Undergrad: 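A single structure is presented below for examination.
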Amino acid sequence: MTRLKRDDVSGIASALANYDAELVGKTGCTLKEIAAKAVGWQRSKLYDKRPEQHRQVAVIPMTCGQGIIEGFVESVACIITHLGFKAFITKSRDAGGVAEAAQSGAEILFMADDDRFVAVNLRTGKVSDNGDATGKGYVAGLECMCGGLEGKKVLVIGAGPVGNSAALALVQFGAEVAVYDLNLSSSQRLSRKLEKIGYCVTIETDLESALEKHCILVDACPTDDLILLRHITEDTMMAAPGIPLGVQAAGVGQLSKRLLHDPLQIGVATMMFDVL
Ligand code: 2YC
């Protein structure tokens, strides 16, 4: 899992309104609509049963391991607030922050150490992990951007937590899924897991040939300059949760409105709806 840097998150809070407008331009859906779709909410539920706005959401800085990432909790809190919920950052950190959150009546906690970034609903016990939420959140966005995924071939690059979650969400949207990972056993594990629940996933062992056969891509791996200009056609649609972005700079311009990529927004928004 890639550790974010200060520069990855520094611009998020101030640009959320523009980011959301861009998202609507690409997918026809807002960040909130994509997150709700990712967790199976009907659009109507989003508008007739507005999630209780009074719900307190505490975002807790964690100093363990490599410690605080400047701007991280602030970005998380702003994304949650942007969705219409009441988010606050605890004054205390670590265990003190958890205690402060519970004592102030927070129902939902967000916190991240070096290994896991989770949202926890103290009332229901529901937990949402950022990797899982990011995978299904990006697929929900891709489904909007493609106007549906039923029967469409989609290549998942990277069979880690995000890729696994994306592959499951894709087959649930009716897509024909192929997976490529540097590590063949990771692809085999993903394929076996989905086979157990009745879905067939093709394993690609050569990325070049896989990219020739697919124009709808989910880049869920932490490698940059993986997708080159020559891999991009006017039909290419890409959901790229992986950090850093796997598309080389020239390709980003070519893809323009057919590329979904952000460091935190879709994952955090999906975590929020995942624990409601
Ligand atoms: O500021 C803090 O509270 C830090 N403890 C946060 C550390 C986050 C580490 N994880 C990551 O940077 C990435 C994120 C994209 C989400 C999952 N891993």
Side-chain angles (χ1 to χ4, degrees), residues 1-13 15-16 19 23 31 34-35 38-39 57-83 87-102 104 106 108-120 127-141 157-166 169 218-224 226 239-247 259-275:
M1 171 182 67
T2 310
R3 179 177 169 86
L4 289 174
K5 298 182 197 58
R6 180 179 57 140
D7 292 354
D8 293 321
V9 299
S10 58
I12 290 177
L16 262 174
Y19 166 86
L23 205 50
L31 179 61
I34 288 171
V39 300
V57 181
V59 184
I60 304 161
M62 307 296 280
T63 63
C64 45
Q66 296 181 62
I68 298 287
I69 297 174
E70 192 184 325
F72 178 79
V73 291
E74 292 78 4
S75 301
V76 173
C78 279
I79 293 163
I80 296 167
T81 304
H82 176 77
L83 297 171
F88 70 99
I89 299 165
T90 58
K91 294 177 188 60
S92 304
R93 299 162 160 195
D94 306 316
V98 173
E100 181 187 335
S104 59
I108 292 164
L109 312 182
F110 276 71
M111 67 192 92
D113 59 23
D114 292 353
D115 304 314
R116 291 195 64 189
F117 175 20
V118 293
V120 177
V127 172
S128 178
D129 188 275
N130 176 263
D132 178 66
T134 298
K136 60 190 181 186
Y138 267 84
V139 166
I157 306 169
V162 176
N164 270 267
S165 172
V218 176
D219 170 16
C221 81
T223 315
D224 56 7
L226 198 72
I243 305 261
L245 174 62
V247 185
L259 168 63
L260 290 183
H261 175 70
D262 69 46
L264 267 180
Q265 292 89 325
I266 289 176
V268 168
T270 305
M271 289 167 79
M272 184 67 228
F273 280 87
D274 217 8
V275 293

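Since the structure is predicted, the reported quantities are computational estimates derived from the model, not experimental observations. For ligands, and for the atoms within them, numbers begin at 1 and follow the listed sequence.
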Undergrad: State the atoms of ligand 1, each with its element, that fall below the 4.0 Å cut-off from a heavy-atom position in Gly67.
TA: 4 (C), 5 (N)
Undergrad: Select one of side chain, backbone, both or neither to describe which atoms of Asp113 lie under 4.0 Å from any atom of ligand 1, heavy atoms only.
TA: backbone
Undergrad: Measuring only between side-chain heavy atoms, which start at C-beta, is Val76 closer than 4.5 Å to Phe117?
TA: yes
Undergrad: Give the numbers and elements of all ligand 1 atoms closer than 4.0 Å to a heavy atom of Pro61.
TA: 3 (O)
Undergrad: Applying a 4.0 Å heavy-atom criterion (strictly less than), which segment of Asn130 is in contact with ligand 1: side chain, backbone, both, or neither?
TA: side chain
Undergrad: Just one of Asp129, Asp132, Thr134 clears the side-chain hydrogen bond (donor to acceptor under 3.5 Å, both in side chains) bar with Ser165, so which one?
TA: Asp132
Undergrad: Check whether any N or O atom of Leu4, backbone or side chain, sits under 3.5 Å from an N or O atom of ligand 1, and answer yes or no.
TA: yes
Undergrad: Between Phe117 and ligand 1, is there a nitrogen or oxygen pair with a distance under 3.5 Å?
TA: no
Undergrad: Does a side chain donor of either Tyr138 or Asp219 reach within less than 3.5 Å of an acceptor in the other side chain?
TA: no
Undergrad: Not counting sequence neighbours, list each pair that qualifies as a side-chain hydrogen bond (donor to acceptor under 3.5 Å, both in side chains) and has a residue in residues 65-81.
TA: none
Undergrad: Counting heavy atoms only, which of Arg116, Arg93, Met62 comes nearest to atom 2 (C) of ligand 1?
TA: Met62
Undergrad: Determine whether the side chain, the backbone, both or neither of Thr2 has a heavy atom under 4.0 Å from any heavy atom of ligand 1.
TA: backbone
Undergrad: For the 3.5 Å polar cut-off, considering only N or O atoms, please tell me whether Ala112 and ligand 1 meet it.
TA: yes
Undergrad: Do any N/O atoms on Ile69 end up under 3.5 angstrom from N/O atoms on ligand 1?
TA: yes
Undergrad: Rounded at 0.5 Å granularity, tell me how far NE2 in His261 sits from CD1 in Ile266.
TA: 10.0 Å
Undergrad: With rounding to the nearest 0.5 angstrom, report the SG to CG distance, Cys78 to Leu264.
TA: 11.5 Å
Undergrad: Who passes side chain to side chain donor-acceptor pair (under 3.5 Å) against Asp94, sequence neighbours left out?
TA: Thr63
